[in-house]
Amino acid sequence: MHRIVIVGGGAGGLELATRLGNKLGKAGRAHVTLVDRCAVHVWKPLLHEVAAGSLDTHAHEIAYAAHSHWNGFAFVHGEMTGLDRESRRVKIGPTFESEDRDAEVLPSRDLEYDTLVLALGSRTHFFGVPGAEEHAIALDTLEQAEHLRKRLLRVCLRKHAQGTGEADEAVDIAIIGGGATGVELAAELRRMEHTLKQFRLLSGSPRSAMRITLLERGDRVLPALPRRVSDTTRAILEKMSISVRVSTSVTSVRPDSVEVAGGAAIAADITIWAAGIKAPAVLASLEGLTVNHVNQVKVTRSLQSETDGNIFALGDCASCAWTADVLVPPRAQAAHQQAMFLCKALSARIEGRAVGAFTYKDHGSLVSLGSPTAVGSVAGITSTGKFFVEGFVAKLMYAALYRKHLMAVSGLRRTVFGIAAHGLGRLLAPRVKLH
Ligand SMILES: Cc1cc2nc3c(=O)[nH]c(=O)nc-3n(C[C@H](O)[C@H](O)[C@H](O)COP(=O)(O)OP(=O)(O)OC[C@H]3O[C@@H](n4cnc5c(N)ncnc54)[C@H](O)[C@@H]3O)c2cc1C
């Protein structure tokens, strides 16, 4: 049987494995295997909510082992460390009991494939800024989001215990990068502050317990989105007393401050790096595969590697042309569209038919600004092809994006029951996870 191996069970990889498992795996037309270094999937665009404690991960995790059993594919828990293209084998490193890599659970293994799909996503790009990697927290994984949440709680508790509620006892938070991740996190932290004050875990006058500064190198926040979205977002953030500093380049990060071009230092008990991405370094080490300057695998219009037709790549780790000089952006909607395309393309491939060409359709972008607000520009029927949305309607549309992902991987029944269970859970638990 044709062996399809998908490495990376994120926004794109999990959807592809689920679709292929149900279509080909259950019918015995192909053997589909998903490899991921984690045991559970959480949709990456939720990570800023995990970091701010507004989302309990347990309610949103999908366990790969069970999910694969229900959807006709196999799951291998492990990290891809290499590739032998000659013999078509993926190298999987040993699996350890914990992040500390002390107790080995499974040894290194090889996995044979006929078709390989690389869906490894991306990591934070620190651009070599001194101190950034050591002192700033990134938001790429569930562990990092949980680490940030716990650190925020610890710092808030310490300041609260020491403080008299004066502005000097405020927790200073610097967020580097005014893209969607930075903006959404800044807004979400205001929500966290409100709840911590409610439970007397944080003191200070309204708006002063957390002093949040958002730093952006470009001349506006959300530089990839239309100017109207940027301007509205900035106004909303400033109304939330979030200090927005554009045209500001960070030159170094220290344990308690951030230095910007010109030499000024901005106090920071916690620094979060949300500026720029690159694909995992392992991709640049795979012999014979061409990658670009940020390790993304260069693919053709059919999402096949430029140098190996048996290897496909999708999502953040793929460098795929959108127009002549613009690449498909690293977004969940792109990973979703590529998963849909590859489901059809790989079915055609195992039947010996042509795989076709992928076309990316930009359906617009929405940015969540805490509850109950979002803002964005979405595909519509205006003369420019996009219309501007704001407020509660935008928030509903934003929430629908995650439901759409759940529907694609878990189906209608599980999604509906999941929403109901989650809604009930919220009635019983505090709005912010406090432990
Ligand atoms: C806080 C935040 C908010 C965001 N908000 C939005 C948004 O609102 N809208 C939007 O469109 N996009 C958003 N994004 C971007 C979006 O999350 C990504 O574009 C999308 O998740 C990319 O999907 P992917 O399948 O390529 O990779 P991912 O979803 O990142 O999945 C990659 C998978 O590969 C696994 N993996 C990595 N390396 C290995 C290895 N060596 N071996 C085995 N497994 C491996 C990982 O464990 C992971 O499961 C946001 C991102 C962040 C961080």
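Only a predicted model underlies this, so the values are computations on that prediction, with no experimental measurement involved. Side chains are part of it too, since the values below use all heavy atoms of this structure and drop only hydrogens, waters and symmetry mates. Atoms within a ligand are numbered from 1 in the order they appear, just like the ligands themselves.
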Which heavy atom in S241 sits nearest to a heavy atom in R190, and how many Å separate them?
O-NH2, 2.9 Å

Treating S249 as the side-chain partner and R217 as the backbone partner, does any N or O pair qualify as donor plus acceptor under 3.5 Å?
no

Proximal ligand 1 atoms for G78, defined as those under 4.0 Å from one of its heavy atoms
43 (C)

Would you check the N or O atoms of D36, main chain and side chain alike, for any that come under 3.5 Å of an N or O of ligand 1?
yes

Atom 41 (N) of ligand 1: the protein heavy-atom neighbour that sits closest, reported with distance to 0.1 Å:
M80 O, 3.3 Å

Geometry only, no angles: is S122 polar-contacting ligand 1 at N/O separations under 3.5 Å?
no

Atom 31 (O) of ligand 1: the protein heavy-atom neighbour that sits closest, reported with distance to 0.1 Å:
G10 CA, 3.1 Å

Which protein non-hydrogen atom lies closest to atom 30 (O) of ligand 1, naming both residue and atom, and how far is it?
K44 CD, 3.4 Å

So is A180 in contact with ligand 1, going by heavy-atom distances below 4.0 Å?
no

Nearest non-hydrogen protein atom, atom 15 (C) of ligand 1:
P330 O, 4.0 Å

N/O separation below 3.5 Å, G315 to ligand 1
no

Is the backbone of A313 close enough, under 3.5 Å, to the side chain of Q338 for a donor and an acceptor to pair up by distance?
no

Among all protein heavy atoms, pick the one closest to atom 27 (O) of ligand 1 and tell me residue, atom and distance.
G121 CA, 3.2 Å

Checking the N or O distance criterion of under 3.5 Å, is ligand 1 in contact with C38?
no

Donor-acceptor pair, H41 side chain versus G9 backbone, under 3.5 Å?
yes

Evaluate the ring planes of H405 and Y402, with Trp represented by its six-membered ring, and classify them as parallel (under 30°), tilted (30 to 60°) or perpendicular (over 60°).
parallel

Residues in ring-ring contact (aromatic ring centres under 6.0 Å, His included) contact with W70, at least two apart in sequence or another chain:
none

State whether any protein heavy atom lies less than 4.0 Å from atom 12 (N) of ligand 1.
yes

In short, A209 meets E193 closest at the heavy-atom pair N-OE2, 3.3 Å

State the atoms of ligand 1, each with its element, that fall below the 4.0 Å cut-off from a heavy-atom position in Q333.
11 (O)

At a 4.0 Å cut-off, with the gap strictly under it, does some heavy atom of Y402 reach an atom of ligand 1?
no

With heavy-atom distances below 4.0 Å as the criterion, list the atoms of ligand 1 near G9.
33 (C), 49 (O)

Measure across R85 and G288 and return the closest heavy-atom pair with its distance rounded to 0.1 Å.
NH2-CA, 3.5 Å

Quick one: which ligand 1 atoms are inside 4.0 Å of a heavy atom on A119?
32 (C), 33 (C), 34 (O)

Short N or O distance, A11 and ligand 1, threshold 3.5 Å exclusive
yes

With H135 via side-chain hydrogen bond (donor to acceptor under 3.5 Å, both in side chains) - residues at least two apart:
none

Enumerated ligand 1 atoms positioned under 4.0 Å from heavy atoms of L139:
53 (C)

Counting distance only, does the side-chain N/O of S230 pair as donor-acceptor with the main-chain N or O of L222 below 3.5 Å?
yes

Give me the ring orientation class for F126 and W273: parallel if the planes are under 30° apart, tilted from 30 to 60°, perpendicular past 60°.
tilted

Contact summary for L46 and H60, nearest pair of heavy atoms
CD1-ND1, 4.2 Å

V7: numbered ligand 1 atoms lying under 4.0 Å from its heavy atoms:
42 (N), 43 (C)

Shortest protein contact, atom 51 (C) of ligand 1 (heavy atom only):
T181 OG1, 4.1 Å

Any donor and acceptor pair, going by atom type alone, linking the side chain of E112 with main-chain N or O of R88 inside 3.5 Å?
no

What I want to know is whether A335 and ligand 1 share at least one N or O pair that is separated by under 3.5 angstrom.
no

Flag R37 as yes when one of its N or O atoms lies below 3.5 Å from any N or O atom of ligand 1, and as no otherwise.
yes

Between D362 and R331, the two heavy atoms sitting closest are OD1-NH1, 3.5 Å

Looking at atom 34 (O) of ligand 1, what's its closest protein heavy atom, distance included?
G8 CA, 3.3 Å

Distance-only N or O hit between ligand 1 and P280, under 3.5 Å
no

Which atoms of ligand 1 have any heavy atom of Y64 under 4.0 Å away?
49 (O)

Looking only at protein heavy atoms, which one is nearest to atom 50 (C) of ligand 1, and how far off is it?
P45 CA, 3.9 Å

Paired with E184, the side-chain contact (heavy atoms from CB on, under 4.5 Å) test is passed by just one of T233, L189, V367, L47, namely V367

Nearest heavy-atom neighbours spanning R29 and I350:
O-CD1, 3.5 Å

Minimum non-hydrogen distance to atom 22 (C) of ligand 1, winning option of T141, L34, V90, D316
D316

What are the atoms of ligand 1, with element, lying closer than 4.0 Å to any heavy atom of G12?
25 (O)

